[in-house]
K.L.:
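I'd like to ask some things about the structure below.
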Amino acid sequence: QVQLVESGGGLVQAGGSLRLSCVVSGRTFSSYAMGWFRQAPGKEREFVARISWSGAIIYYAESMKGRFTISRDNAKNTVYLQMDSLKPEDTAVYYCAADGINPRGAARTTAADFGSWGQGTQVTVSS
């Protein structure tokens with residue numbers, strides 16, 4: 001079983017930046033594609049970004065392109081989400097997730113495609 005622990009959330013003003021981290025333990029990190037999702041109050045969980053096991057193939061939700069950057073460091077068992085130019089509508093709990101079924105380049109971007117999840121970290125963007 002794989003464990004995921006997110007960190008780096010907090011309160012930031014609109015236009016600011018945050019970097020989220022997710023440390024993975026329990027299994028070989030490079031066996032997984034990794035993703036970030038978010039969920040705002042009263043809304044469904046929303047795909048943010050996905051990165052393949054090698055880091056070579058990346059997908060973003062359309063609204064995050066150009067502002068968010070996903071990356072990973074397989075030596076540190078960590079996936080990151082750099083968030084720039086933050087907006088109040090980015091306020092949500094952000095979750096990292098692991099896909100051990102297809103760690104390569106498939107465009108698996110729904111929550112059902114990821115079998116393991118972290119507990120989430122709160123990001124609040126003030127206007």
Side-chain angles (χ1 to χ4, degrees):
Q1 189 71 12
V2 63
Q3 292 82 41
L4 297 82
V5 179
E6 303 98 332
S7 62
L11 174 64
V12 64
Q13 288 188 332
S17 298
L18 280 175
R19 188 195 197 201
L20 305 183
S21 299
C22 174
V23 178
V24 179
S25 61
R27 298 287 293 271
T28 304
F29 182 59
S30 58
S31 299
Y32 296 90
M34 298 298 298
W36 286 96
F37 288 75
R38 69 185 186 184
Q39 188 165 18
K43 295 188 177 182
E44 293 188 354
R45 195 163 294 192
E46 175 186 26
F47 170 74
V48 174
R50 174 188 172 99
I51 186 167
S52 65
W53 73 276
S54 66
I57 300 174
I58 290 173
Y59 300 96
Y60 293 102
E62 209 50 48
S63 62
M64 284 68 155
K65 284 183 179 178
R67 298 192 301 123
F68 290 9
T69 304
I70 189 172
S71 62
R72 65 189 293 161
D73 185 339
N74 285 352
K76 295 182 178 180
N77 289 2
T78 303
V79 60
Y80 304 97
L81 185 68
Q82 176 68 39
M83 305 186 294
D84 299 316
S85 302
L86 284 163
K87 306 173 182 180
E89 51 264 43
D90 293 319
T91 295
V93 177
Y94 283 71
Y95 298 90
C96 72
D99 175 8
I101 300 299
N102 192 328
R104 298 184 185 275
R108 290 161 54 91
T109 58
T110 70
D113 293 324
F114 293 81
S116 299
W117 293 82
Q119 82 289 349
T121 186
Q122 177 70 47
V123 171
T124 303
V125 184
S126 63
S127 58

K.L.:
Indicate if I57 and M34 have the same hydrophobic cluster label, given that clusters are the connected sets of ILVMFWY residues with side-chain heavy-atom separations under 4.5 angstrom.
P.N.:
no
K.L.:
What's the shortest heavy-atom distance between G9 and V123, and which atoms?
P.N.:
CA-CG2, 4.1 Å
K.L.:
Minimum heavy-atom separation for V79 and S71, please, with both atom names.
P.N.:
CG2-O, 3.2 Å
K.L.:
Looking only at side chains, do N102 and R104 share a donor and an acceptor under 3.5 Å apart?
P.N.:
no
K.L.:
When rounded to the nearest 0.5 angstrom, what distance separates CD in E89 from OG in S127?
P.N.:
10.0 Å
K.L.:
Give a yes or no on whether the ring-centroid distance for F37 and W117 is below 6.0 angstrom.
P.N.:
yes
K.L.:
Applying the 4.5 Å side-chain criterion to the ILVMFWY set and letting contacts propagate, would L81 and V12 be lumped into a single cluster?
P.N.:
yes
K.L.:
Does any part of the side chain of Q13, heavy atoms only, come nearer than 4.5 Å to the side chain of L86, both counted from C-beta?
P.N.:
no
K.L.:
Quick check: closest heavy atoms across S116 and V2, and the distance to 0.1 Å?
P.N.:
OG-CG1, 3.0 Å
K.L.:
Using a strict threshold of under 4.0 Å (side-chain N to carboxylate O), is an ion pair present between R50 and D99?
P.N.:
yes
K.L.:
Does a side-chain heavy-atom distance below 4.5 Å link M83 with R38?
P.N.:
no
K.L.:
Hydrophobic cluster membership, with links at side-chain heavy-atom distances under 4.5 Å among I/L/V/M/F/W/Y: are F29 and Y95 in one?
P.N.:
no
K.L.:
Do the side chains of W36 and L18 join up, straight or via other hydrophobic residues, at under 4.5 Å, putting them in one cluster?
P.N.:
yes
K.L.:
Take atom CD1 of I101 as the centre, draw a 6.0 Å sphere, and report whether it contains more than 12 heavy atoms from other residues, nucleotides or ligands.
P.N.:
no
K.L.:
Report yes or no: is the cationic atom of R27 (NZ for Lys, CZ for Arg) under 6.0 Å from the centre of the six-membered ring of Y32, at an angle within 45° of the ring normal?
P.N.:
no
K.L.:
Using every non-hydrogen atom in the two residues, find where Y60 and A49 come nearest and quote the distance to one decimal.
P.N.:
CD2-CB, 3.6 Å
K.L.:
Would you name the heavy atoms of C96 and L4 that are closest together and state the gap between them?
P.N.:
SG-CD2, 3.5 Å
K.L.:
Side-chain heavy atoms under 4.5 angstrom apart, residues restricted to Ile, Leu, Val, Met, Phe, Trp, Tyr: same cluster for I58 and V24?
P.N.:
yes
K.L.:
Between F47 and Y59, does the ring centre distance come in under 6.0 Å?
P.N.:
no
K.L.:
Can you give me the closest heavy-atom contact between F114 and G35, atom names plus distance?
P.N.:
CE2-N, 3.6 Å
K.L.:
Within this structure, what is the CD-OH distance for the pair E6 and Y94, rounded to the nearest 0.5 Å?
P.N.:
12.5 Å
K.L.:
Nearest 0.5 Å, please: how far is OG1 in T91 from CD in Q122?
P.N.:
7.0 Å
K.L.:
Can you tell if the side chain of S31 reaches within under 4.5 Å of the side chain of P103, non-hydrogen atoms only?
P.N.:
no
K.L.:
Rounded to the nearest 0.5 Å, what separation is found between the OG1 atom of T28 and the CG atom of N77?
P.N.:
8.5 Å
K.L.:
Test your reading of the model: is there a side-chain donor-acceptor pair from N74 to the backbone of S54, 3.5 Å cut-off?
P.N.:
no
K.L.:
As an exercise, state the distance from CZ of R108 to OG of S52, rounded to the nearest 0.5 Å.
P.N.:
13.0 Å
K.L.:
Output the distance between atom CZ (F68) and atom OG (S63), rounded to the nearest 0.5 Å.
P.N.:
7.5 Å
K.L.:
Who are the side-chain hydrogen bond (donor to acceptor under 3.5 Å, both in side chains) partners of E44, not counting sequence neighbours?
P.N.:
none
